Number of protein chains: 4
Amino acid sequence: MGRVRAMARPRSTAADSAILDATRATLVELGWPKLTMGHVAARAGVAKTTLYRRWPSKSALVVDAVAILFDELELPDRGSLRGDIEGVVGSFATLLERPETKTSLMAVVAESTRDPALRVHIREAIVQRQKHLVQEGRDRAQRRGELTSAPHPGTAARQVDLIFDVIAGAVVHRALVSAEPVDGAWTTMFTELLLGGLSSLDEASDSASAY
Amino acid sequence: MGRVRAMARPRSTAADSAILDATRATLVELGWPKLTMGHVAARAGVAKTTLYRRWPSKSALVVDAVAILFDELELPDRGSLRGDIEGVVGSFATLLERPETKTSLMAVVAESTRDPALRVHIREAIVQRQKHLVQEGRDRAQRRGELTSAPHPGTAARQVDLIFDVIAGAVVHRALVSAEPVDGAWTTMFTELLLGGLSSLDEASDSASAY
Amino acid sequence: MGRVRAMARPRSTAADSAILDATRATLVELGWPKLTMGHVAARAGVAKTTLYRRWPSKSALVVDAVAILFDELELPDRGSLRGDIEGVVGSFATLLERPETKTSLMAVVAESTRDPALRVHIREAIVQRQKHLVQEGRDRAQRRGELTSAPHPGTAARQVDLIFDVIAGAVVHRALVSAEPVDGAWTTMFTELLLGGLSSLDEASDSASAY
Amino acid sequence: MGRVRAMARPRSTAADSAILDATRATLVELGWPKLTMGHVAARAGVAKTTLYRRWPSKSALVVDAVAILFDELELPDRGSLRGDIEGVVGSFATLLERPETKTSLMAVVAESTRDPALRVHIREAIVQRQKHLVQEGRDRAQRRGELTSAPHPGTAARQVDLIFDVIAGAVVHRALVSAEPVDGAWTTMFTELLLGGLSSLDEASDSASAY
DNA sequence: CCATAATCGAGACGGTACGTCCAGTCTTCTG
DNA sequence: CAGAAGACTGGACGTACCGTCTCGATTATGG
């Protein structure tokens, strides 16, 4: 096709993972505010130039380095919607306690309020990427008969978005803003609240076509 | 008796408000990342030294400057718990859209993950200070007969904390992380979910003494 | 005359010497560059205001604090002009080795190149105040017959000035600029040179009226 | 063989001279006390970082900037030792009247009393570098038969050091400490004294092996 | 024996420069 | 060309002093 010349030195693929590893290691040791591009480069055995050739900024680099940590979140079948919710809340809380995520998640979000490209990057690499968890939980609950499916596909998608914001938002707020532990008692109470809310949504979307 | 030391020149109270005003104005114009201590000092007609004599860091200063904006949140009686919730969600969303808060709230929270003193500062100046809104909403709903009071005072306090984290967390996550609008449709759906959750909590705390 | 009223609180005389002592002590410990007005004030148990009420600047204060150290210079009669010169050179060198003088003499001179008032202050408090040493040495040598008196008083005064500049200048330059020790060998050689110069001046001013 | 590292971007040589030029220009305009690193950097069109990468302090920078001015000192052959001395004293006095040198020479010397590295720097860049003037004058006088050569090389070197300290010290002391003009009358009298001293040294080193 | 007035310790104030640090870019040479 | 090395501009950082100021408290003397 358009391929004219291809004789240049290709980018080292090994470097990519070395850089992301170094980024995470530095986040653990020094935290976001003390993480510098120079530090990461030195630790990865790479020149700063190489970093900037692949990521536009420190924030974008950290988003990629942290994003894959969120892939650890799973939704093992605990037999009931209540169990599934409690499980995912617990594993999310555990994730937020790790130094890599704790010090950098809010930082990149803060940065993103001024940088649209970064905002998109976060949404794609973290938010949208994890929404399947909510969808899976819903599907499983429907199969168990705990919930009914929404009458309209659009409504279902909006509900997934909402539930994701409620779970993620509440846990993050509890852990990082209120700065109180996301322990068993809190998780139980939160799950109770969420279950009641879900069945309420279920009935409402059943009867009315408002959503 | 209580007099220990009162001989030196007292701190100018006028400077305090000038600094906070300048901080807010600079946040509006330049946003958090471009706000510098030097800039604020110059704008307030004050020396940088004076800033550092009163606030230990840029973050602490911004917390104080922004905290009073949260006092604008009110809970006008709309006649029903549903209306009250929709009202407070709307006004919180509006607050989060203001440039002063949007660019700085997440930034100071991010900073606080590494600075315990700042974490306490945020909790006292913003979080605890606004929890009365949830309490008021609950009391009003109880008076209306929409909710019953919790059997134990400790349970009630924990419920207030939870509800605050759910509301604030969900709205903040929707607005700043998912970066989608907190519009009427979302608010209605969220309120539906929350109302269902509240009545569920109500019944649970009624029957069981688990909480 | 103009005296109308004199009922105010007088300045504490004790403070003066406490301040000068503190200044010297701080010079010994920290040296000129790290000596600050605040430090001296604190050490003297005095407010900064009090310092500035009495001395216009750090330099002026140090000049006064150091000036009296130069009063230690003496000219004990060693029986010959050669001995007298070697003696005064040695004691001057010893004085310049003390940390109070070493670190501050050049500093105040440097400052004085930009501050005429300070220049006058140094000249009066240090330079002119020690010229009597040269005069005494000359007088003594004349009484011994080692030198003859200058034919004109003005010539004598100019010679005293010159000799003072030569001795003080050479020793200071050796000690502080060349930064080599003013030891016995150097002193002997310098004294030989100066003696030869003095007799040369003596003959010249005898025969010619040029000076 | 000698190649150890030569892969990085080399330091700009243009920057060096731009910085030194800016330093001298600033010394002329503002004098030593008002010269700041920031000012010099801005004037040289260079970042402050670049200054600190090359010179450890303001003093070290000024030493280099001023040192080459001393290279202007020359010793034109005026036909006699007397003439040569009067000539070099005059040109040294002229040099000390320039604002660059007047305000900064004593300042760096003062600083050097606390900073051994700076002391060495001054000795090498200014003192040792100009001693050839004394050596030249001596050599020339010997060729003319005005002086004889010292019997031992070590003695000759010590005499050169001494003469340098006497000339430089006396002129500097007259000009900057006593703060009186180094005019023709003073120069004539000083030269008379020095000539007498030199012949005295000459005879002494001839007869005795003390030196 | 009180009123007056300058002094005192304390420390906040506006300024200015410091020397450090990092972001992001540029320039060199090597593979 | 990609990459390592590291110099470069630019700008904010937080600190340290300067010399001035504003306090309330402390002495002296003159009336």
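Each chain gets a letter, A, B and so on, in the order the sequences are listed, and its residues count up from 1. No experiment lies behind these values; they were computed from the predicted model shown.
- For the OP1/OP2 pair of E:dT7 and a distance below 4.0 Å, the side-chain nitrogens and oxygens of C:S12 include no atom meeting the criterion.
- Out of F:dA16, E:dG24, F:dG19, the shortest distance to the side chain of B:T49 is found at F:dA16.
- Comparing C:A47 and B:R11 by the nucleotide of DNA chain E that holds the closest heavy atom to each, the one mapping nearer the 5' end is C:A47.
- One can find a donor-acceptor pair under 3.5 Å joining the base of F:dG14 and the side-chain atoms of B:K48.
- Judged by the 6.0 Å and 45° rule, D:K58 forms a cation-pi pair with D:W32.
- Here E:dA17 presents its P atom at 9 Å from NZ of D:K34, a figure rounded to the nearest Å.
- Nearer the 5' end of DNA chain E, as judged by each residue's closest nucleotide, is the contact made by C:V46, out of B:G45 and C:V46.
- Contact check, D:S57 against E:dG19: no side-chain N or O comes under 4.0 Å of OP1 or OP2.
- Between A:E29 and A:R24 there is no salt bridge, since no side-chain nitrogen of the basic residue lies less than 4.0 Å from a carboxylate oxygen of the acidic one.
- Here the C1' atom of nucleotide F:dT26 and the CZ atom of C:R53 are 13 Å apart, to the nearest Å.
- For D:A8, counting side-chain heavy atoms from C-beta on, the closest listed nucleotide (E:dG24, F:dA7, F:dA5) is F:dA5.
- With distances taken from any side-chain atom of C:M37 to the nucleotides F:dC21, F:dC18, E:dT20, the minimum falls on F:dC18.
- No hydrogens or angles were tested; on distance alone, nothing pairs the side chain of B:R9 with the base of E:dC13 as donor and acceptor under 3.5 Å.
- Contacts of C:T36 with the nucleic acid, taken as non-hydrogen atoms under 4.0 Å apart, involve only primed sugar atoms and P, OP1 or OP2.
- Look at OH on B:Y52: it is 17 Å from P on E:dG15, rounded to the nearest Å.
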